[in-house]
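This report refers to the structure that appears directly beneath it.
Note that the structure is a prediction, hence the values are computed from the model and not measured. All chains are named by letter (A, B, ...) in the order of the sequence lines, taking the proteins before the strands, and each is independently numbered beginning at 1.
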There are 2 protein chains.
Amino acid sequence: MDNADLRRAGLKVTVPRLKILEILESAEPHHLSAEDVYRKLMESDESIGLATVYRVLTQFEGAGLVERHNFDDGRAVYELASDDHHDHMVDVDSGRVMEFFDERIERLQREIAREHGFELVEHTMVLYVRKAKS
Amino acid sequence: MDNADLRRAGLKVTVPRLKILEILESAEPHHLSAEDVYRKLMESDESIGLATVYRVLTQFEGAGLVERHNFDDGRAVYELASDDHHDHMVDVDSGRVMEFFDERIERLQREIAREHGFELVEHTMVLYVRKAKS
DNA sequence: ATGAATGCAAAAACTTTGCATGACG
DNA sequence: CGTCATGCAAAGTTTTTGCATTCAT
């Protein structure tokens with residue numbers, strides 16, 4: 001029920017928004033840059049402007065439908081906001097991005113924030129890794 | 001002995017490189033964008049091109065002299081690589097960036113990588129926090 | 001002297017904006 | 001129908017590159 005998701009976010013239901021939502025849902029890997037989304041739209045023979053892609057992604061982010069991350073190569077990537085928070089692990093050799101969740105990290109982060117007199121609002125964590133030598 | 005640092009990195013000792021190194025050393029806060037560095041150079045009446053700033057920062061990064069981070073606003077910031085690794089905490093209300101180090105986190109990250117069959121090369125972690133309500 | 005480094009300007013990459021047209025509710 | 005959304009093109013940002021000149025060793 002993507003329609004409902006959009007309405008709930010106060011956004012009109014339009015073809016571009018539905019298509020982009022659909023692309024984000026079926027994306028593998030989950031992380032797409034605006035260009036990635038645009039390219040996939042082209043492949044599906046949709047004539048949707050790149051500007052619209054940016055606008056829609058930004059709106060989606062504002063509405064909490066997607067999350068925006070900045071990996072260390074400097075371009076923004078978007079990913080559908082699922083309820084299950086997770087962090088990222090990047091294989092520096094292959095560039096492959098993996099997702100993982102570790103409760104110990106989550107707990108520790110909240111604790112560290114507290115120890116400094118703050119409360120944790122959110123966090124980003126990316127582990128750059130390499131296959132362990134066998 | 002910045003001279004030695006540069007030579008050790010295989011870089012010729014030039015005015016731009018020395019000046020930029022100096023700026024990074026005395027920077028408060030530690031994190032400067034290329035523009036920030038450029039602006040400070042202008043203030044010191046140095047006529048060094050912005051392109052050179054980018055080139056030098058990139059070289060420094062390659063040489064391990066500085067670290068590059070991408071905070072969530074999308075522009076790259078550079079910071080002198082000190083031996084003491086640390087992570088960052090950003091106060092979402094004030095925008096203030098703080099540094100901290102926590103061995104428990106470091107250890108846990110290595111452990112998580114290992115559990116997934118990888119070895120940790122490096123990592124970035126930013127905690128977005130807010131002052132705890134009193 | 002010779003290769004590396006610089007400055008400038010031009011270009012590339014990424015993202016945002018203005019405006020007229022078209023679509024949603 | 002009124003407004004909001006879109007497409008296109010133009011402009012903004014940030015970063016990179018080409019090339020002639022200058023500098024370090």
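The side chain of A:Ala76 approaches C:dT15 more closely than any other nucleotide in the set C:dT16, C:dT15, C:dG3. Closest approach to the B:Arg55 side chain among D:dT14, D:dT17, C:dT16 is made by D:dT17 (side chain taken as heavy atoms from C-beta onward). Here the side chain of B:Ala51 is nearest to one of D:dG2, D:dT17, D:dT25, namely D:dT17. Between D:dA5, D:dT15, D:dA9, one nucleotide has an atom nearer to the side chain of A:Leu11 than all others, and that is D:dA5. Nearest nucleotide to the side chain of A:Ala34, out of D:dG7, C:dT6, C:dT15: C:dT15. Set against C:dG3, D:dT15, C:dG25, the side chain of A:Val13 has C:dG25 as its closest nucleotide.
Remark: C1' of D:dT16 and CD of B:Glu35 are 14 Å apart, rounded to the nearest angstrom. In this structure, A:Asp2 atom CG and C:dC24 atom P are separated by 16 Å, rounded to whole Å. C:dG25 atom P lies 10 Å from atom CG of A:Leu6, rounded to whole Å. The distance between atom CG of B:Leu41 and atom P of C:dC8, rounded to the nearest whole Å, is 13 Å. For the pair B:Gln59 CD and C:dA4 C1', the interatomic distance rounds to 10 Å; values are reported in whole Å. The distance between atom CG of B:Leu50 and atom C1' of D:dT13, rounded to the nearest whole Å, is 11 Å. In this structure, the OH atom of A:Tyr38 is 15 Å from the P atom of D:dT6, given to the nearest Å. The interatomic distance linking B:Leu57 (CG) with D:dT16 (C1') rounds to 13 Å, in whole Å.
Atom CD1 of residue B:Ile48 and atom CG of residue B:Leu41 lie 4.5 Å apart, to the nearest 0.5 angstrom.
The hydrophobic clustering, which links ILVMFWY residues whose side-chain heavy atoms are closer than 4.5 Å, places B:Val13 and B:Leu24 together.
Looking at heavy atoms from C-beta onward, B:Met89 lies in side-chain contact with A:Ile112 at the 4.5 angstrom threshold.
OP1 or OP2 of C:dT15 has at least one side-chain nitrogen or oxygen of A:Tyr54 nearer than 4.0 Å. Residue B:Arg7 places at least one side-chain N or O closer than 4.0 Å to OP1 or OP2 of D:dT25.
Contact check of residues 14-33 of chain A against DNA chain D (heavy atom, cut-off under 4.0 Å) returns A:Thr14, A:Pro16, A:Arg17.
Toward the 5' end of DNA chain D, the nearer of the two residues B:Tyr78 and B:Lys12, judged by each one's closest nucleotide, is B:Tyr78.
In this structure a side-chain-to-backbone donor-acceptor pair under 3.5 Å is missing from A:Arg130 to A:Val92.
Between B:Arg68 and B:Glu122, no side-chain nitrogen of the basic residue sits less than 4.0 Å from a carboxylate oxygen of the acidic one, so the salt-bridge criterion is not met.
Across A:Leu127, A:Val126, A:Asn70, a single residue satisfies side-chain contact (heavy atoms from CB on, under 4.5 Å) together with B:Thr124, and that is A:Val126.
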Checking side chain to side chain donor-acceptor pair (under 3.5 Å) for the pair A:His88/A:His69: CA distance, chi angles, key distance, verdict?
CA-CA 10 Å; A:His88 295 108; A:His69 301 285; 4.7 Å; no

